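All chains are named by letter (A, B, ...) in the order of the sequence lines, taking the proteins before the strands, and each is independently numbered beginning at 1. All values reported here derive from a predicted model rather than from experimental measurement.
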There are 2 protein chains.
Amino acid sequence: MDGLNTSAKTIKYTNQRMEILKFLREFNGHPTVDDVYEGVKCKLSRISKATVYNNLRFLAEKELIKEVNTKGVSRFEANLVTHHHIICLECGDIKDYESEELTEYSLNVASKIDGFKIESTDTNFYGYCNKCRRKQNG
Amino acid sequence: MDGLNTSAKTIKYTNQRMEILKFLREFNGHPTVDDVYEGVKCKLSRISKATVYNNLRFLAEKELIKEVNTKGVSRFEANLVTHHHIICLECGDIKDYESEELTEYSLNVASKIDGFKIESTDTNFYGYCNKCRRKQNG
DNA sequence: ACCTTAAATAATAATAATTATTAATTAGAT
DNA sequence: ATCTAATTAATAATTATTATTATTTAAGGT
Ligand SMILES: [Mn+2]
Ligand SMILES: [Mn+2]
Ligand SMILES: [Zn+2]
Ligand SMILES: [Zn+2]
């Protein structure tokens, strides 16, 4: 897999870093720090949780992953394509939702905002997933 | 001011609760739990921080205030009108942005999503505020 | 292949944010 | 005025995150 091909000066390709990035790319979701920590443990049993924190911050800084705004704990993802999120208010499940049109529309709105130089935008949809709806009804 | 006129059964109109709600309505921003705690202390010097947490959760539950999804600490607001947020990536400042059109557009997109029953939607705009841009340049 | 060195790691301590516990207080009903 | 479930204050406990530091290591130069 292609690794840390950024405009780097001194970036070390450590095992820990590569496994964390690989995990995020394969996980294909929005794992918490603990999810990542547990996920890479099978490969790197002696990894420190601080290393997970450090690398997630590092990778986000280098724009190889993104941090997702959620209430409560930090979450990360490897999906760098601009996209939106569908969030279940019951179980907290977060699904990606891609819509070029919505992105275009939002960016166009953004271009009219002054006092702020807008770099990016995303939309959250809040509701209830099928699983949680089935539970609520009967 | 109108208080807790919700479909309530047993809701107590305590001083603490009312001051917290009043603070949020007058603050007109997105204060953290600590902001609220510090803000109501002048009126209620003996208030416990746990009471602030409890009431913020309570008021959000009753839909008298809203919790805002931000990275890091929890934030709350009394602005119940559907609206969007402009967030400075440098200083973290959060500004409200109302746009009926964007809300309408997003809800229309939402109506086409299946597997989820969407209840609400909001859009975040990320960028840099004038103040932070001035600092960065010269 | 060996040296050098800045960067990264593991282990752990420290701090910050949030939740749980519990005895005392109180709003609102009777 | 009395009653009672809800709320509160104080504080302990738990989680999440950041800081510290001695040790290890990736990568570049010889
Ligand atoms: Mn995503
Ligand atoms: Mn707002
Ligand atoms: Zn769900
Ligand atoms: Zn700013």
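Between Tyr13(A) and dA26(D) there is no side-chain polar atom (N or O) within less than 4.0 angstrom of OP1 or OP2. For dT11(D), neither phosphate oxygen OP1 nor OP2 lies less than 4.0 angstrom from any side-chain nitrogen or oxygen of Ser48(B). Gln16(B) has no side-chain polar atom (N or O) that falls below the 4.0 Å cut-off from OP1 or OP2 of dT26(C). Distances shorter than 4.0 Å separate some side-chain N or O of Asn55(A) from OP1 or OP2 on dT9(C). For dT9(C), neither phosphate oxygen OP1 nor OP2 lies less than 4.0 angstrom from any side-chain nitrogen or oxygen of Arg46(A). Distances shorter than 4.0 Å separate some side-chain N or O of Thr51(A) from OP1 or OP2 on dA10(C). Side-chain N/O atoms of Thr14(A) include one lying less than 4.0 angstrom from OP1 or OP2 on dT9(C).
No single ILVMFWY cluster, assembled from side-chain heavy atoms under 4.5 Å apart, contains both Val68(B) and Tyr53(B).
The nearest whole Å value for the distance from the CZ atom in Phe76(B) to the C1' atom in dT18(C) is 11 Å. The separation between Ile11(A) atom CD1 and dA6(C) atom P is 17 Å, rounded to whole Å. One atom, CZ of Phe58(B), and another, P of dA5(D), lie 17 Å apart when rounded to the nearest Å. Separating the CG atom of Leu56(A) from the P atom of dT18(D) is a distance of 11 Å, rounded to the nearest angstrom. In this structure, CG of Asp34(B) is placed 6 Å from P of dA17(C), rounded to the nearest angstrom. Arg57(A) places its CZ atom 7 Å from the C1' atom of dT18(D), with the value rounded to the nearest Å. Summarising the geometry, the separation between CG on Asn15(A) and P on dA27(D) is reported as 10 Å, rounded to the nearest angstrom. The distance between atom OH of Tyr53(A) and atom C1' of dT9(C), rounded to the nearest whole Å, is 17 Å.
Proximity of Lys22(A) to Glu19(A): side-chain heavy atoms (C-beta onward) are separated by under 4.5 Å at one or more points. Side-chain contact check for Asp34(B) versus Lys49(B): some heavy-atom pair is nearer than 4.5 Å.
At a cut-off of 3.5 angstrom, the base of dA8(C) holds no donor-acceptor pair with the side chain of Lys12(A). The base of dT18(C) is not paired with the side chain of Lys49(B) by any donor and acceptor separated by under 3.5 Å.
Aromatic ring pairs are classed by plane angle as parallel below 30°, tilted from 30° to 60° and perpendicular above 60°; the pair His85(A) and His30(A) is perpendicular.
Comparing dA19(D), dT17(D), dA17(C) by their closest approach to the side chain of Val73(B) singles out dA17(C).
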- Query: Would Phe125(A) and Tyr97(A) satisfy ring pair (Phe, Tyr, Trp, His ring centres under 6.0 Å), going step by step from the backbone distance to the final call?
  - Reply: CA-CA 9 Å; Phe125(A) 296 98; Tyr97(A) 182 73; 5.8 Å; yes
